[in-house]
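Structure, as structure tokens:
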Amino acid sequence: MNPIEAKQEINRLTREIEHHNRLYYTEVQPEISDFEYDQLFRSLELLEREYPELIDVNSPTRRVGGEPLQGFEQRPHDVPMLSIDDQFSEGEMADFFARVQKGLGRNDVVVTVEPKIDGVAVSLHYKEGNLEYAVTRGDGSVGDVITDNVRTIRRVPLRLAEGAPTWLEVRGEIFLPKEAFATLNRSRDEAGLAVFKNPRNAAAGTLKLLDSREVAKRPLDFLAHGFGRIEGYTPEGSEQLNEALQQWGLPVNGPIWRADSIEGVLSAIRELDVLRHTLPFETDGAVVKVLDFTDRDRLGATARAPRWAAAYKYPPEQKETILRGITIQVGRTGTLTPVAELDPVLISGTTVRRSTLHNQDEIDRKDVRIGDTVIIEKAGEIIPAVVKVMMEKRPEGTRPYNLYEEMGGKCPVCGSPIAQEEGFVAWKCQNPACQAKTANRLKQLVSRKALDIAGVGSIVAEKLVEREWTAEPLDLFTLSEGKLAGLNLGTDEEPRILGEKNAAKIVSAAEAAKSLPLHRWLFGFGIPQVGESAAKELARLHRNLAELADSEILRVLQTFSTGQRKDDNEFLAPYRIASEVGPAVASNVIHFFESESGVELLAQLARLGIDPQSGNYAPFPTERGDAASGVSGKTFVITGTLSSPRDLIKEKIEAAGGNVSGSVSKNTDYLLAGEGGGSKREKAESLGIAVISETELEILLNVPSATAE
Ligand code: IVH
């Protein structure tokens, strides 16, 4: 075969595979067996291997992902990607429908009702039928170019069927199907990685990956629900467009109802409410849209959303179930949290078995008793909560639940005494070496916003403590790769070994963590009330842990009463301390470093040769009026194309007390990124440094440092 013949054969095979892809993915009516399909695919792969110079970027074989990118390019949308106005009741929906009728000056308006997919909005651009690029919604006017990642989604055609217009921008939703989401989280948890909160986060997180080969491993899916710029084709309305999209091989969202009255709209919304739990993707609402495109144009849009569309949000679902028991979880600081053990109920498509009861006060307030019939609600889709008890269904012989008595005054994990701190409702285990505490402290230390040691997830942390390999969280740094590799995550009867690859990942992440700035460590220590921003503020005021442990600032601050003005104090005023660091935080930090475990922690860090340094040390903001802005004392790096010359922006930052440096390092606080700016962006992201836009810089320049992060 000569190259010309090879090219012809490649084209022929490509067309044939595309044809079968369409039958399989859009029409769900395959004409050939999987075996025959694989044969075609393999023939194409073989030819491409022989003639790599003939490979098309949109070849069906290219879905496995390519070389990792440095960062995502950005691209403005030809037509802005707007949002939809939410309606929270049938009454509000009726108002919307009436507004549409009024706006069009007639009553016979036809609308469609379809599922609102809980995914990530994307816009796909096809030029002459070929996938040219794919862009995220971004801020609505500019998005990230994620073409390589989108190419890995099997249901996105890389080339459209015959008859496609010269330019087609189709919009839709990328999502992770419910089942794939469950599987992904299960395997992440087993591998000791953090689990995703919901399918949308999982899809968004996946699309942000710079390595499309990793994206290809996750079964993302796509459904079209709209359009942007179209050239060479003028559809009259959405039904006509959807039919055409399907003919060209694009999967279209559904089911879609058609209605010409508010009664019709509401009945479609109710039908969808029942059906939505059986759909393969998460749906939290119904989108109602005017069908006719001329009507849509006449109605137009506000700056935020079109007037021809509205989203009806389904209220969180409630179910009745029986509370069979109350178990107790012990947290990082030893707090005992009561958890309701429920008869499994299916809510919003998932089975709920447990739900937090928060604390004794909450149990008393709702008078929750074992044996009660309770109402469970899944708010925000994911976290279930006990709303109330059905008193009329309470069986005979129940008694109020008293945590202290049930526990016999002892921690359920280590058996040490529990106690309530003055003024607090929570019962706490008093044993500093309680295994539950250690495991949870370890989880805090390795969490993403602390040391970010992703390889140590819940299970790994618990096993490390259970097997007494880490009596203290920092012991993690003393474990060799070889030893870690042998960690048994299973049971003695059914061992499951962590393995060399995972162990190597943990060790190298731990090594990298040693040079992370002070605030990341401080956050990781889990000192009560020291969240991310308090940790940053503490790091602005102190160079290192030694300074912090011996801090005059905190000692003075501790004596203040809550709410007392620090700025009136001669000693404290020049520090302009942000509100996140008040007397309570000061006292907690002092306590922490004076406690036996705090002293031991410092000693252990010293033995390990770890001495975290502040990355944002700037105790005395300059005297200028704007000095206490979020920019003061912060180090910026600028990249990409911005709206004004770089020197001007640099001047502005410096005038506000910030620094501008040329390269991204662990000392950088912010990367100000314009369009482009790939490698710096990637580096910043890998170091966990905030990447901000010009608008965000303006915000930082205008707010006091207390709220800057
Ligand atoms: S139509 C101008 N239809 O919801 C907006 N959007 O809150 C017209 N979404 O980011 C969009 N499912 O990506 C439409 N069936 C559906 C949708 C849908 C999900 C997303 C959309 C947008 C967001 C708006």
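Side chains are part of it too, since the values below use all heavy atoms of this structure and drop only hydrogens, waters and symmetry mates. On a predicted model such as this, the values are computed, not experimentally measured, just so you know.
Atom CG of residue Leu671 and atom CG of residue Leu687 lie 10.5 Å apart, to the nearest 0.5 angstrom. One distance of note links CG of Asp284 with CD1 of Ile117; it measures 11.0 Å at 0.5 Å rounding. How far CD1 of Ile174 is from CZ of Phe222: 7.0 Å, rounded to the nearest 0.5 Å.
Residues Ile577 and Leu572 approach most closely at CD1-CD2, 4.0 Å, considering heavy atoms. Across all their heavy atoms, Gly531 and Phe523 have their closest contact at C-CD1, 3.6 Å. Closest approach of Pro177 and Pro219 over heavy atoms only: CD-O, 3.3 Å. When all heavy atoms of Leu474 and Trp521 are compared, the pair lying nearest together is CD2-CZ3, 3.9 Å. Pairing each heavy atom of Gln444 with each of Gly524, the nearest pair is CG-O, 3.2 Å. Here the closest heavy-atom approach between residue Tyr575 and residue Arg540 is recorded as O-NH2, 2.7 Å.
When only modelled atom types and interatomic distance are considered, Ser551 and His542 share a side-chain donor-acceptor pair under 3.5 Å. Side-chain contact of Arg218 with Thr206: a donor-acceptor pair under 3.5 Å is present, judged by distance alone. When only modelled atom types and interatomic distance are considered, Ser123 and Glu169 share a side-chain donor-acceptor pair under 3.5 Å. Checking Asn659 against Glu654 by side-chain atom types alone, no donor-acceptor pair falls below 3.5 Å. For the residue pair Gln613 and Asn667, no side-chain donor N or O sits within less than 3.5 Å of a side-chain acceptor on the partner. If you check the side chains of Ser693 and Glu696, you find a donor sitting under 3.5 Å from an acceptor. Tyr133 and Arg75 share a donor-acceptor pair across their side chains, judged by distance under 3.5 Å alone.
Distance alone, capped at 3.5 Å, places no donor-acceptor pair between the Asp452 side chain and the Ala513 backbone. In this structure, Asn130 contributes its side chain and Glu132 its backbone to no donor-acceptor pair below 3.5 Å. In this structure, the side chain of Glu511 does not engage the main chain of Val507 through any donor-acceptor pair within 3.5 Å. Of the possible donor and acceptor atoms, none in the side chain of Thr668 sits under 3.5 Å from a partner among the backbone N and O of Tyr670. Between the side chain of Arg151 and the backbone N or O of Arg63 there is no donor-acceptor pair closer than 3.5 Å. In terms of modelled atom types and a separation under 3.5 Å, the side chain of Asp144 and the main chain of Ile146 share no donor-acceptor contact. Formation of a donor-acceptor pair under 3.5 Å by the Thr147 side chain with backbone atoms of Ala134 is found in this model. Of the possible polar contacts, none joining the Ser212 side chain to the Asn149 backbone as a donor-acceptor pair under 3.5 Å is found. A distance-only check finds a donor-acceptor pair linking the side chain of Lys680 to the backbone of Gly662 [under 3.5 Å]. Side-chain atoms of His77 come within 3.5 Å of backbone N or O of Arg137 as a donor-acceptor pair.
For Lys652, the NZ atom sits in a loose shell: 12 or fewer heavy atoms of surrounding residues, nucleotides or ligands are nearer than 6.0 Å.
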Original post:
Going through the checks in order, is the salt bridge (charged side-chain N to carboxylate O under 4.0 Å, His left out) test met by Asp669 and Lys634?
Top reply: CA-CA 6 Å; Asp669 293 297; Lys634 302 281 194 260; 5.4 Å; no
Original post:
Going through the checks in order, is the side-chain contact (heavy atoms from CB on, under 4.5 Å) test met by Arg171 and Val122?
Top reply: CA-CA 6 Å; Arg171 291 177 176 179; Val122 69; over 6 Å; no
Subject >> Criterion side-chain contact (heavy atoms from CB on, under 4.5 Å) on Lys514 and Phe477, from CA distance to verdict >> reply: CA-CA 9 Å; Lys514 288 182 179 171; Phe477 286 86; 3.8 Å; yes
**OP:** Determine, stepwise, if the pair Leu464 / Leu479 fulfils side-chain contact (heavy atoms from CB on, under 4.5 Å).
**Re:** CA-CA 10 Å; Leu464 283 171; Leu479 298 174; 3.8 Å; yes
**OP:** For the pair Thr478 and Leu608, evaluate side-chain contact (heavy atoms from CB on, under 4.5 Å) and give the outcome as yes or no after the intermediate values.
**Re:** CA-CA 8 Å; Thr478 64; Leu608 290 165; 3.8 Å; yes
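Residues Phe181 and Phe196 keep their aromatic ring centres 6.0 Å or farther apart.
The closest side-chain heavy-atom distance from Thr136 to Leu207 is not below 4.5 Å. Side-chain contact check for Leu476 versus Leu445: every heavy-atom pair is 4.5 Å or farther apart. Contact check for Leu220 versus Phe175: no side-chain heavy atoms found under the 4.5 Å cut-off. A heavy-atom distance below 4.5 Å is found between the side chains of Glu694 and Leu642. His125 places a side-chain heavy atom less than 4.5 Å from the side chain of Asp78. Taking the side chain as every heavy atom from C-beta outward, Leu124 and Leu131 approach each other to under 4.5 Å.
Of the charged side-chain nitrogens involved, at least one lies within less than 4.0 Å of a carboxylate oxygen, so that Glu462 and Lys443 count as a salt-bridged pair. Between Glu685 and Lys208 there is no salt bridge, since no side-chain N of the basic residue sits under 4.0 Å from a carboxylate O of the acidic one. Asp550 and Arg555 are joined by a salt bridge, as a carboxylate oxygen and a charged side-chain nitrogen come within less than 4.0 angstrom of each other.
Of the residues listed (Arg200, Lys178, Lys313), the one engaging Asp118 in a salt bridge (charged side-chain N to carboxylate O under 4.0 Å, His left out) is Arg200, and it is the only one.
Geometrically, Arg681 does not engage Phe72 in a cation-pi contact, judged by NZ or CZ lying under 6.0 Å from the ring centre and within 45° of the ring axis.
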